[in-house]
Each structure stands twice: as C-alpha cells, then as structure tokens.
Number of protein chains: 2
Amino acid sequence: MTIKDIAKISGYGISTVSRALNDHPDVSQETKDKIKQIAKENRFVPNSNAKQLKQQVSNCIVILVKGSFNLFFASIIEQMQTHISRLGYETVIHYLNEDENEVRMAEQICKEIKPLGITFLGGNPETFRKRFSNIAIPCILSTTSAQSLSFENLSSVSVDDVKCAKQAVDYLFAYGHTHIGIVGGNEDISCTSGLRFAGCRQSFQEHGQELTDQYFEQAHFNISAGYEAAKKLLQKNPQLTAIFAMSDMLAFGTIRAISDLGLSVPNDISVIGFDGIELANYYCPKLTTIRQPCENIAVSSAKMLVGAIHGTEQAQHLLLDAEIIEGDSVRSL
Amino acid sequence: MTIKDIAKISGYGISTVSRALNDHPDVSQETKDKIKQIAKENRFVPNSNAKQLKQQVSNCIVILVKGSFNLFFASIIEQMQTHISRLGYETVIHYLNEDENEVRMAEQICKEIKPLGITFLGGNPETFRKRFSNIAIPCILSTTSAQSLSFENLSSVSVDDVKCAKQAVDYLFAYGHTHIGIVGGNEDISCTSGLRFAGCRQSFQEHGQELTDQYFEQAHFNISAGYEAAKKLLQKNPQLTAIFAMSDMLAFGTIRAISDLGLSVPNDISVIGFDGIELANYYCPKLTTIRQPCENIAVSSAKMLVGAIHGTEQAQHLLLDAEIIEGDSVRSL
DNA sequence: CTGAAAGCGCTTACAG
DNA sequence: CTGAAAGCGCTTACAG
C-alpha cells in the first residue's frame, strides 16, 4: 500500500494524496477526509525511508547514550523523550558502549538519518574537543558540562560536578569525620569522575588534609566495581569512618562490601552517594546522597536543543544545583 | 558526498561504485581498493534511507521492549544485542510504554523499516492472540511464553512462570513458614503476574492452604509499587512471617517497607524475590531470589529468531529452568 | 484546489 | 569486469 495505490483508489493524483495525508492547507477538507479515510481503511503507513530520502531532513532528535545501563540516565532519558515528543519531534535513542567514540557515532548518524539535533548523555568533553567540529547540527551535552569547550552549536546542562562532590565531602567533614575515603575518581579532570575528584581534593584541602592514594580507589561507575574498590580501599586504609562513593551504584557496592567485612553502615562507616536515583531511597539503609535534578536536566536539555534548532538560542552552558538527600547511611562521629 | 560524487572522482560509473562498496564479487580487487580508498578519504557514509528504500528489506532485527525501565530486561537486551550483531544483523531497539499495544507498534514498524524479525520483551500473550495475525515476519516473545498461542511465525523463550513461582513459595514453606504473603499478582493468567500467581496458588493448595485476598496485594513491577503493596499487605495481615515478591524490584520495595514498619528482614519477616538481577546480590540483606537464566534467554532468542529468518526453524516454545539463589533474606522458622 | 513531473541516493537486472 | 537506465515511495516546485 503506497500513496500511488491510494491515488488510484481515490481517483486523485499522488501529489494531492501526499498533501492530504500531511495536512497541507491547500487541500480541501472534503478531499482530505476522503483520502484519509481510504488510508485508514487500508492501514496505510508511509514509507519513512522514501519520506526522509526526499525530505533530506528528518523530524527527529537523537539521544545518544553512552554506557548501556545506568539507572540515573534512565530516568533522564524517559523524561527527555516525553518532553521532546511534546515539543513535536520524534526521538531516536541510540546506545553506545563505553569504549565507543560518541562523536564519531554522531557524525555517522548525522549522515545516515539527518536528525535535527542530538543530545549526548555521558559524553566525554575531551572527545568533543577533538572531533566535534565535524558536526554541524545543534547538540547538547547533558549531565556533563561543555563549558570548557566553545563550539557555537554545543550547549550543555549539568550540575557543577566539582562543587557537588565538594559538597558531599564537606558534609562528611561537617558530621565530624576526619578519615574519609573516596570510591571512584582519577586525575583526569576532563571526565566526570575527574571533576568530582577535584571537588573532593578541594574539600580535603579546606579541611587541612591532603587527598593521597591512601584515601581513594578508582572504579568504573557500576555496582561490582564499587564493591571491589571499597574492599581494596578499606584494606589499605582501615581507619576510614566515612566514604564518598561517586555514584549511587558505587555506593550500593560500597555498602555491600562494608557489610561483607563484618562492619555496619552507618554505625562503623558512613556512606554518601551521588545521583539520587529512586533506588537510593529504597536501599537499606536509605542512602544519603547528592541528588542531581533529573527533571530539570531533562527538560532544560530538551528546551535548549529545540531552541537551538529553531535558531532562536545561542549555545549556553547551564549549571544546575544539586541537593543533599539525607538518608540513614551517614551518622555523626 | 554520495556514490555519484565518488563515481565522478574515481572515474567509474555509479553502479561499479555501489558494487565495490558492497563488496560484490564481480568487481576487480584493484577497482574495489581505489573506490574504497576514495570513500574513506571523503568519509562517505551511505544514505540508509536510499539504500533501504531500494532494497525493500533491511538487515535489521527489532527488539521491542515494553516498559521503559527494567533492570532485568536491561541485561537481556544487552546480551541479545551483542549476540544478534555477532550473527551479522543490525539491531534496533524500540521502547514502548506499558499502555501501548506492542503488536500494533510492531505492525507499524514492519511497514516502516521492514525488519527481518522482531523479538518482544515484556509482551502480553493476549495482545498477540488478538492482532498478531497481521504480522508476517518471524518473531519471538522473550521472557513470556507464547505456548498457548499457535502462530507459525511466533516462537517464545521463557521460564515456566507458574512452576518457578511455585518453587519460590515452596521454598518458604520448606523453611517452616506457614503465613506467607504475596506481593504482586492477579487473577488474569494471560500475563506474567497472573501465571506467577497461579503458581503461588498451587503451592498454597499443596500445603493445605487457600490463597485468599488476605495473602496477597497487587502491584505493578516497580519498586515504589512494591513498597506500597507490602505496607498494605502487612497491615491487613500482621501474622505474615514471609513474603514472596514477584520481582526483585518489588522485593526491594517490600524490604524497605518492612524496615519502615520497624521490623527486620529476615529476622521478623523473610523475603524472596524473582528475576535474579545483579543488584539483588548487592542489596542489604542479600536477596534470596529465583534467578531467571538471562544469558540463555537472550542467546536462545537470538538464535531461534535467526533460525526462523533463515527459514530453517519452525516456531517453538522453549521453557527454561530457573534456579534459586540463596541470599540472606530468608530464614527458617 | 489539483496534477504531472522531477528528483532524493541508492541497487540491480540488463547489455556489453 | 563495467556502465546506462529504471525504479524504490515519497515530496514539492511549477503550471494550471
């Protein structure tokens, strides 16, 4: 069933059928009704390949997600999708592995499906610095700041990772802890864990401490990595009374590790996480964590991207605040 | 950059360029090399719309996922994807809301992108009964059995939900519990929770009990629903000493609810889950659960679908076994 | 308000 | 081994 068939059945020409189906204003209502009726009866679905081949641009916005599983991203994606479709665009979600290059993939997607814009979740600014100049459509980096880059078609929406991580560690200091460990983080400040690490370092310095190897253990942002890292950390530094885990998943792994060592949270060791996913609130103990403003990130990203697509908005870098959610995983010393 | 441009640059005709790029055997190696080199230099990416419009069928397999967020599905999707691409096909993932009709969506997708096959995650057999006859390509229902249906192009891979749920409740009885509650489930045996509920009922009967309203509370399969349902259940039936939650997420919500009521798991109340997601192993307490064989479901689904696409396999319904993972959330009475 | 015609970028029978 | 031509299903300037 193609528009040609509908043209034949209806007696109209194919151009009129096309216009009627797309609700062009210059087709009489009567004609539209007839044609739409026939399309409906025959369960006509337009061939999107033909449509897009002809139109050169699609109506779609791509959400490019790095890291296939991440509850934090999940809730953002969901809301983003809802919002984008409310604004009248289709959305295509594409997942990449951690080791794939998101910008290269974006280049390919641009050539293949010609989207109007792209939002990146979990991208690395360094990758953007190197290759993003190949991309011409409006893009937005969500949950990571692109402030340090200055592409005129790249905006970003995120929390200030340095500040928020500092906030987390400050919180532990404020509760009287002086032996604080960090799960996650590294020296590379171009990525999220590097930025959060920098925040930790600041907090340490302000409290007259130096953040040495003794106090942190790197980990990818998943639960089993958190478990392993926490175990190592507690082995090399048994005096710790509190741990900042750089994501809630890391925090869950950390708490499990602490339990497996025969210790309890928060009685022996306090734990604070980062992200504020729904599960944090249902974990036992309820996790104290830095809650990123998911809805705001999702909605702002969608709005800014659509603004940029309309050409009404310039690239900008939105830094949002996070709030501390107090659970039962931190106690004062 | 199109193949026309490459034809111009290389001096060959566009048909030769097309054939070279697609590695057709009737193009000399030399020509192929030259053309591919030029394509590479110019970062040529074929326009997939044009390609598919012409080819009429794509090379892709669609994974249609109902319910946008579900850690259990997540790990299956990931493995399925890996496996499908290893078998030489592209994969497109499409998420639907709970209230959308998966089969109707599949019909549309068939017309739009003409996939070779579809795997459904989280589909409802009843929906298939009504509309699936409209679909002509090989499909597979994963994690839910389509045994009761007899479409020659619809296979399924799943555990036996009735049996596995019975296993869970039997386990609690075996540990001496006699007041067992169920979180989730309903009378509609066309869906997963209905099947599991039927298994619970069987177990109750075999142990000389009747599964009345007093013993269960319905809940959608998410953590907050589990929390609410468990609270209600314990309110209306305070004598319970054990609960079977029909998914791990429900179990987490249940455990949190128990804690909030000032009781402890497993000392006051034992809890067993269903699915066996990674998180279950990192929850506190470690969750005892019925582990579905994710890899096997993923791999078998992929294999069976590809077999059906090749026309070498008939529709079949694979029922896999689940195993009990013993955590620390059940104690003997 | 409607239609005939061109063309989007590709593939593939057909001819050489 | 290579090329000219037709055609996939749509949209849209152009003409009426």
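Lettering follows sequence order; numbering is per chain, from 1.
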Is there a donor and acceptor pair, one atom on the side chain of B:Lys51 and one on the base of C:dG9, closer than 3.5 Å?
-> no
What nucleotide, of [options], holds the atom closest to the side chain of [X]?
{"X": "A:Ala50", "options": "C:dG9, D:dG9, D:dG3", "value": "D:dG9"}
{"X": "B:Arg19", "options": "D:dT12, C:dT11, C:dC14", "value": "C:dC14"}
{"X": "B:Leu53", "options": "C:dC1, C:dG9, D:dC10", "value": "C:dG9"}

Classify [X] by what it touches in the nucleic acid, base, sugar-phosphate, or nothing, heavy-atom distance under 4.0 Å.
{"X": "B:Asp26", "result": "base"}
{"X": "B:Asn49", "result": "nothing"}
{"X": "A:Ser28", "result": "sugar-phosphate"}
{"X": "A:Thr2", "result": "sugar-phosphate"}

Start with the C-alpha gap between B:Asp33 and B:Gln37, add the side-chain angles, then the distance that decides, and say whether side chain to side chain donor-acceptor pair (under 3.5 Å) holds.
-> CA-CA 6 Å; B:Asp33 290 343; B:Gln37 179 58 28; over 6 Å; no
Are any of B:Ser18's side-chain N or O atoms less than 4.0 Å away from OP1 or OP2 of C:dT11?
->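 Yes.
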Is the distance from OP1 or OP2 of C:dT2 to the nearest side-chain N or O of A:Thr31 less than 4.0 Å?
-> yes
Nucleotide forming a Watson-Crick or wobble pair with D:dC14, both distances under 3.5 Å | C:dG3
Closer to the 5' end of DNA chain C via nearest nucleotide, is it A:Lys54 or B:Thr16?
->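 Here A:Lys54 is the residue nearer the 5' end.
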C1'-based separation of C:dT12 from C:dG16 [nearest Å] | 16 Å
A:Glu102 (side chain) donor-acceptor with A:Asn124 (main chain) under 3.5 angstrom =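 Yes, A:Glu102 side chain to A:Asn124 backbone: donor-acceptor pair under 3.5 Å.
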Got a donor-acceptor contact below 3.5 angstrom from the A:Thr31 side chain to the A:Val27 backbone?
->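 No, A:Thr31 side chain to A:Val27 backbone: no donor-acceptor pair under 3.5 Å.
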Sub-6.0 Å ring centroid separation between A:Phe72 and A:Phe221 |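 No, the ring centres sit 6.0 Å or more apart.
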